[in-house]
Amino acid sequence: MTPEDLLVLAEQSCVDAAKLLREVSVDVELKGTFDQVSSADLELERFLRAALTTGAPGSAVVGEELGSSSAHITWYVDPIDGTRNFVRGLPLSCISVAAAIDDTLVAGCVLDPFRDELFTAASGVPFQVRSTGLTIPPGASPRPLVLTDIPLPGSPYTGEMDLLTDLLVIADVRRVYSTALALAWVAAGRADAVTNLGVHPWDVAAGAVLVRESGGTYTEIGSNGFVAGRGEIVDWLVDRLEGIVS
């Protein structure tokens with residue numbers, strides 16, 4: 001299957017999962033000290049695993065809730081990125097699916113079910129946003145707009161509060177608590193950069209494809225951090241985050 005074929009399958013699977021999301025009940029349990037999982041997370045991941053591996057026989061899935069394996073074609077699935085927002089009724093979460101061929105990310109799809117916005121891109125397929133809601137073309141601002149959830153509760157790193165304090169001096173900052181959605185917004189030009197620590201492959205795989213295919217950069221920092229976006233603020237963030245994780 002080509003990257004375009006994989007993107008088409010990812011898109012349809014996300015759209016169908018969003019329809020299922022309207023029907024499932026939402027029960028919530030703790031998953032660690034600072035994290036939660038809902039029944040919707042589990043049901044959507046089961047659905048996405050079945051849809052993706054049926055559509056691409058022999059493929060494997062790396063998922064947040066139900067385990068990971070790898071193959072020639074590997075899917076990275078986050079059924080609800082931003083669960084803590086989702087279970088409180090805050091419309092800041094999304095469905096995220098990416099595809100890799102031989103460990104190289106080639107396709108990404110992020111679907112915001114609240115705004116009915118679909119962000120897609122693949123190798124050889126330009127970044128695109130499809131929305132049925134109100135959209136405003138991103139305009140210029142006097143300072144860069146940065147999305148970050150740093151510092152997160154329970155983080156093992158020091159220096160994060162200093163980073164946030166210094167960042168507030170030079171940039172406008174928003175906290176989203178959905179990394180995949182934040183990456184999609186950067187790809188769409190709604191923010192200049194996004195950076196986070198404590199992320200997992202399923203959090204960032206689709207968004208990394210979107211940012212790269214839209215002309216931005218995505219830089220991994222340490223074992224669980226990244227900076228993505230455009231402009232001088234990206235280099236500043238890379239330097240500061242490398243200092244924190246080193």
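All residue numbers in this chain count up from 1 along the given sequence.
- For the residue pair A121 and E213, the shortest heavy atom distance occurs at CB-CB, 3.6 Å.
- Note on V204 and V209: separate hydrophobic clusters, where clusters join Ile, Leu, Val, Met, Phe, Trp and Tyr whose side-chain heavy atoms are under 4.5 Å apart, directly or indirectly.
- A 4.5 Å side-chain heavy-atom check between I150 and L241 finds at least one atom pair inside the cut-off.
- In this structure R174 satisfies the salt bridge (charged side-chain N to carboxylate O under 4.0 Å, His left out) test with no other residue, sequence neighbours excluded.
- Distance check, rounded to the nearest 0.5 Å: OG of S13 to CZ of R49 gives 13.0 Å.
- To the nearest 0.5 Å, atom CZ of residue R175 and atom CG of residue L92 are 13.0 Å apart.
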Tabulate below the donor-acceptor pairs under 3.5 Å that side-chain atoms of residues 94-111 make, not counting sequence neighbours, or state none.
{"unit_1": "D102", "atom_1": "OD1", "unit_2": "H72", "atom_2": "ND1", "d": "2.8"}
{"unit_1": "D102", "atom_1": "OD2", "unit_2": "H72", "atom_2": "ND1", "d": "3.4"}

Would I80 and L21 count as a side chain to side chain contact (heavy atoms under 4.5 Å, CB included) if you check the C-alpha gap in whole Å, the side-chain angles of each, and the deciding distance to 0.1 Å?
CA-CA 10 Å; I80 302 177; L21 188 59; 4.0 Å; yes

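- Residues that satisfy the side-chain contact (heavy atoms from CB on, under 4.5 Å) test with L168, not counting sequence neighbours, are L164, V173.
- Cluster annotation: Y76 is not connected to Y218 through the hydrophobic network of ILVMFWY side chains, with a link wherever side-chain heavy atoms come within less than 4.5 Å.
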Could you please spell out the steps behind the side chain to side chain contact (heavy atoms under 4.5 Å, CB included) verdict for H200 and N224?
CA-CA 6 Å; H200 302 280; N224 63 359; over 6 Å; no

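- A heavy-atom distance below 4.5 Å is found between the side chains of V77 and P79.
- With hydrogens and angles left out, the side-chain atoms of T179 and D203 include no donor and acceptor closer than 3.5 Å.
- In this view, D235 satisfies the side-chain contact (heavy atoms from CB on, under 4.5 Å) rule with no residue, not counting sequence neighbours.
- Looking only at distances, a side-chain donor or acceptor of T74 sits under 3.5 Å from a matching main-chain atom of A71.
- The shortest heavy-atom contact between S70 and A60 is C-CB, 3.6 Å.
- We find the CH2-CG distance between W236 and L163 to be 5.0 Å, quoted to the nearest 0.5 Å.
- The closest side-chain donor-acceptor pair between D162 and T165, if any, does not fall under 3.5 angstrom.
- For D116, the salt bridge (charged side-chain N to carboxylate O under 4.0 Å, His left out) criterion is met by no residue, not counting sequence neighbours.
- Taking the side chain as every heavy atom from C-beta outward, W75 and V62 never approach each other to under 4.5 Å.
- Rounded to the nearest 0.5 angstrom, I73 CD1 and T53 OG1 are separated by 11.5 Å.
- Within the 4.5 Å cutoff, the side chain of T217 has no heavy atoms near those of the R212 side chain.
- P91 is linked by a side-chain contact (heavy atoms from CB on, under 4.5 Å) to F114, R115, counting only residues two or more places apart in sequence or in another chain.
- The cluster map of Ile, Leu, Val, Met, Phe, Trp and Tyr, joined by side-chain heavy atoms under 4.5 Å apart, puts V169 and M161 in the same cluster.
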Can you give me every donor-acceptor pair (side chain of residues 227-234, partner residue at least two apart or in another chain, under 3.5 Å) with its distance?
{"unit_1": "R230", "atom_1": "NH1", "unit_2": "V186", "atom_2": "O", "d": "2.8"}
{"unit_1": "R230", "atom_1": "NH2", "unit_2": "A187", "atom_2": "O", "d": "3.2"}
{"unit_1": "R230", "atom_1": "NH2", "unit_2": "S214", "atom_2": "O", "d": "3.3"}
{"unit_1": "R230", "atom_1": "NH2", "unit_2": "S214", "atom_2": "OG", "d": "2.8"}

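- Among residues two or more places apart in sequence or in another chain, the salt bridge (charged side-chain N to carboxylate O under 4.0 Å, His left out) test is passed with R143 by D172.
- Taking every heavy atom of both residues into account, L48 and C14 meet most closely at CD2-N, 4.2 Å.
- Linking Ile, Leu, Val, Met, Phe, Trp and Tyr whenever their side-chain heavy atoms come within less than 4.5 Å leaves L167 and V194 in two separate clusters.
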Can you check side chain to side chain contact (heavy atoms under 4.5 Å, CB included) on L147 and Y177, steps first, answer last?
CA-CA 9 Å; L147 308 176; Y177 283 98; over 6 Å; no

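- Take F47 and apply the ring-ring contact (aromatic ring centres under 6.0 Å, His included) test, not counting sequence neighbours, and it matches no residue.
- Side-chain atoms of L197 and I244, non-hydrogen and from C-beta on, do get closer than 4.5 Å to each other.
- Partners of D16 according to the salt bridge (charged side-chain N to carboxylate O under 4.0 Å, His left out) rule, which considers only residues two or more places apart in sequence or in another chain, do not exist here.
- V199 is connected to L210 through a chain of hydrophobic side-chain contacts under 4.5 Å among Ile, Leu, Val, Met, Phe, Trp and Tyr, so both are in one cluster.
- Atom CD of E160 is separated from atom OG1 of T148 by 8.5 Å, given to the nearest 0.5 angstrom.
- Judged as a ring-ring contact (aromatic ring centres under 6.0 Å, His included), not a single pair has a partner in residues 83-103 (not counting sequence neighbours).
- Listed by first and then second residue, the side chain to side chain donor-acceptor pair (under 3.5 Å) pairs that reach into residues 118-131 are E11-R130, E117-S131, T120-R130, sequence neighbours excluded.
- No side-chain donor from either of N85 and S93 sits under 3.5 Å from a side-chain acceptor of the other.
- Atoms CD1 and OG1, from I221 and T195 in turn, are 7.0 Å apart once rounded to the nearest 0.5 Å.
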Yes or no on side chain to side chain contact (heavy atoms under 4.5 Å, CB included) for W185 and V176, after CA distance, side-chain angles and deciding distance?
CA-CA 11 Å; W185 287 353; V176 180; 4.0 Å; yes

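- In this structure the side chain of D192 never reaches within 4.5 angstrom of the side chain of V146, judged on heavy atoms.
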